[in-house]
Amino acid sequence: MKHSIYVCVLFAFWCLVQADKPADYYNLLNIPRDATVQEIRKAFKNLALKMHPDKNKEDPEAEQKFIKIAKAYDVLKDPTTRKQYDLYGDEEFKNQKNKYHSYTYYRDHFGIYDDDPLITTLSKNDYEINVLDQSQVWFVNFYSPRCHHCHEMAPMWRKLATELEGIVRIAAVNCEEDYALCYQLSIDAYPSLLYYEKDSHLYDGEKYRGPKTLEALKNYVLSKVNVHIEEIDPDKWNQLKNKEWVIFFCSTVHAKCPDKGTIKEVAASLEGLLPVGIIRNIRLCEDILKNDKWYSTYSVVFWQIIDGTSKSHLIEYGDSKQILNQILNILPHPPSLDENQFQDLRTKLRLGTEKPWLICFYLGTARELDLELKRLPSIIPTINIGLIHCGKSSALCSALHITRYPTWAVVKDGGAFEIHQGRDVLHEIAAFARDSTKSTNLHALSPSDFDHIKDAGTPWYIDWYAPWCPPCKKLTPELRRASQHFEPDTVQFGMIDCTLHNSFCSKQGINSYPSMILYNNSVTRRFSGPPNEAEIVAFIQDVIKPVVVNIDDDSFGQLANKPVDELWIVNYFAPWCRACHLMELEYRNFAKSVTEFKEIIVAKVNCETYWEICNNQHITGYPTVRLYPMGSKGLSSVAIYNGERKAPAFKQWALSFIPSKVETLDEHKFIRAVIDETNLPLLVDFYAPWCVFCVHFEPQFRTVAQHLDGKVKSGKIDCESNRLFCGNQGVTAYPTVRLYLAPDKYFTLDQQDTKSIINQVTELLGSRENAHDEL
Ligand SMILES: *[C@@H]1O[C@H](CO)[C@@H](O)[C@H](O)[C@H]1NC(C)=O
């Protein structure tokens with residue numbers, strides 16, 4: 001007892017601390033920090049009706065109070081201002097003037113559909129991402145709360161949403177609040193109804209022009225829905241009877257065969273889960289149901305296969321929803337897990353003795369999730385699916401920071417836990433489960449996890465995000481893919497939800513979402529490129545092993561004392577110099593292109609920071625690129641670059657200073673090399689000095705030769721000086737690259753790029769070895 005009072009006092013203190021902050025907008029509206037726009041609107045409407053000054057005439061402060069919540073609503077409903085508020089508080093909005101509407105406006109006109117669970121209210125911020133979905137059909141009602149017809153139509157629109165649930169997503173746009181969107185889509189009358197097929201474009205919505213009755217609207221949608229219903233005859237049945245089916249018996253004795261619309265609704269709702277067929281042949285009906293003497297009074301059967309044996313379930317006649325519910329009830333439910341089972345499966349995943357799990361954390365009844373839950377196993381067969389009731393396992397749910405219901409999350413191989421941030425729509429959940437279980441190196445983290453990590457000594461790449469922020473959502477799949485490029489002992493990946501851990505994030509200096517930072521003991525590096533897989537991977541690789549060495553006072557010592565077998569190329573630059581910026585990427589690409597050449601070290605000096613180094617070297621202009629060649633120690637000899645500031649030109653220049661692995665051949669040397677088998681296999685570049693492409697190709701060929709050094713010898717032949725010989729060899733184009741395995745056995749290679757040549761050679765050598773083995 002004492003214990004709980006203590007907690008309660010603590011909690012009250014926390015409440016006080018929170019309430020003491022001036023006007024936290026989330027508290028004012030009494031919503032969680034990760035509330036959806038829908039929830040924000042609903043919360044505001046409720047408050048507006050309670051707190052409106054017209055209703056609170058005796059309270060002299062009513063107007064001030066109301067203005068506060070109206071302002072909170074204004075700021076939070078728009079993702080841009082909401083983000084500003086999350087990051088910087090209300091400074092920005094302090095002096096903003098707020099108007100408000102009359103009480104009747106909030107009562108009658110403020111969003112007709114906000115309280116309808118089956119009708120999604122869309123706004124300009126989320127319209128595209130929803131309606132342009134590849135796997136959903138949408139029917140959208142553009143209305144104005146001031147239009148009388150729109151109000152009249154509302155009950156029917158709700159009924160349509162109920163009847164077509166699972167077949168089409170029913171939505172609404174309030175043109176009073178989102179005028180720009182309605183204008184953009186040329187909505188010229190209220191209500192206007194737009195129908196979007198799966199995977200369509202913004203302007204592909206088809207305007208519905210038929211009568212606005214429930215029957216007509218339903219028929220319209222069903223006429224558009226494209227589902228296959230198999231006509232089953234006795235021959236086909238022989239092939240099909242080993243699969244699960246929902247079968248409609250529609251022979252002449254089946255008076256209760258549902259109408260076409262109902263069959264189509266059932267089929268559309270079950271799409272991807274169970275196929276639907278119709279049997280019209282009386283004999284076949286009798287045959288199939290010979291054990292059920294009531295077969296002629298039933299006309300719907302769920303043909304289930306359990307362990308290879310069929311079982312027929314007679315389904316009571318009803319409308320499509322009733323039929324569907326009976327079928328779903330028969331399908332097995334995913335198992336419910338308790339806290340121990342959860343810990344147990346996580347342990348097994350850590351040990352690698354378990355398939356990954358997709359878990360739905362919920363409150364209330366799981367029934368609302370039936371369709372999603374029961375469809376999932378067919379879509380993601382390699383992932384276990386389970387349920388956790390957060391009322392019963394509240395300690396677990398709070399430890400995992402589950403704050404909204406349902407929340408979908410996965411536990412991956414290795415035990416990493418990740419929460420789904422997208423919408424609770426079947427295909428999104430399935431895609432999340434598939435992608436995220438593959439990214440075993442990406443974890444959802446809490447502040448205490450983060451504190452552990454920082455001292456654990458292994459590098460972590462952390463994404464600080466807010467679940468509602470659109471760029472964050474786009475980033476997540478990229479981050480998942482990026483995480484798959486690295487082993488956990490090189491770098492691990494984490495995500496921290498800054499709406500849950502708001503103050504922690506600001507304490508860590510996070511000032512925008514998403515922020516990605518690489519933590520490696522005391523060293524932190526912030527990612528600042530375009531947030532996609534390739535850039536993230538390149539960023540981390542560059543931190544692990546920079547392609548361009550950043551010279552500071554220490555590493556300059558290394559250069560000043562460089563041994564004779566190293567070649568250094570140094571870019572002396574200044575951060576403010578435009579030509580330096582233009583060159584930066586080329587220089588980096590150059591550095592990447594010479595990684596094969598271990599003797600080459602590419603570096604740069606920031607002359608603003610290390611001005612003494614640059615002064616001592618008498619650098620007078622930026623950028624200055626200098627080369628300290630092999631064969632000389634330290635800075636004793638220098639070459640200065642004055643060519644084109646492009647990667648291939650840098651490379652050609654640099655390579656001209658190091659001995660080549662490519663031997664220069666002529667006819668006689670070639671013949672000797674090929675006949676003397678110790679020089680085989682031999683890779684040969686036939687070129688002409690006047691061929692521009694050959695000149696560009698040369699450094700690439702050197703890279704190949706360098707890479708393959710020890711496996712093959714490499715040479716080049718100038719076909720201008722050895723014209724007759726090249727002609728005799730059948731070389732007709734320059735450059736031509738051949739791999740000689742024997743004097744009379746060669747392969748002409750495709751010379752797209754260094755990688756492809758290396759691959760071809762490796763493959764040819766491999767196949768030769770296998771051939772030897774067979775001998
Ligand atoms: C982390 O730091 C160590 C030691 O400085 C370094 O060897 C390693 O490459 C770094 N890893 C990453 C991912 O930054």
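Numbering of residues begins at 1 and proceeds along the displayed sequence. Order of appearance sets the numbers: ligands from 1, and atoms from 1 within every ligand. As the structure is a computational prediction, the values presented were derived from the model and not from experiment.
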Point to revise | Residue shell around ligand 1, heavy atom under 4.0 angstrom | key: Pro459, Thr490, Leu518, Asn520, Val543, Ile544
Review point. Using 30° and 60° as the class limits, which term best fits the ring planes of Phe657 and Trp653: parallel, tilted or perpendicular?
Key: perpendicular
Review point. Which pairs count as disulfide (SG to SG under 2.5 Å) when at least one residue sits in residues 516-552, sequence neighbours excluded?
Key: none
Review point. Does the pair Tyr465 and Tyr513 meet the rule for a ring-ring contact (aromatic ring centres under 6.0 Å, His included), with working shown?
Key: CA-CA 5 Å; Tyr465 74 99; Tyr513 309 138; 8.3 Å; no
Study note, to complete from the structure: Sequence neighbours excluded, the answer for side-chain contact (heavy atoms from CB on, under 4.5 Å) partners of Asn759 is none
Review point. Would you call Arg346-Glu354 a salt bridge at under 4.0 Å N-O?
Key: no
Review point. What residues, two or more places apart in sequence or in another chain, satisfy side-chain contact (heavy atoms from CB on, under 4.5 Å) together with Thr347?
Key: Leu351
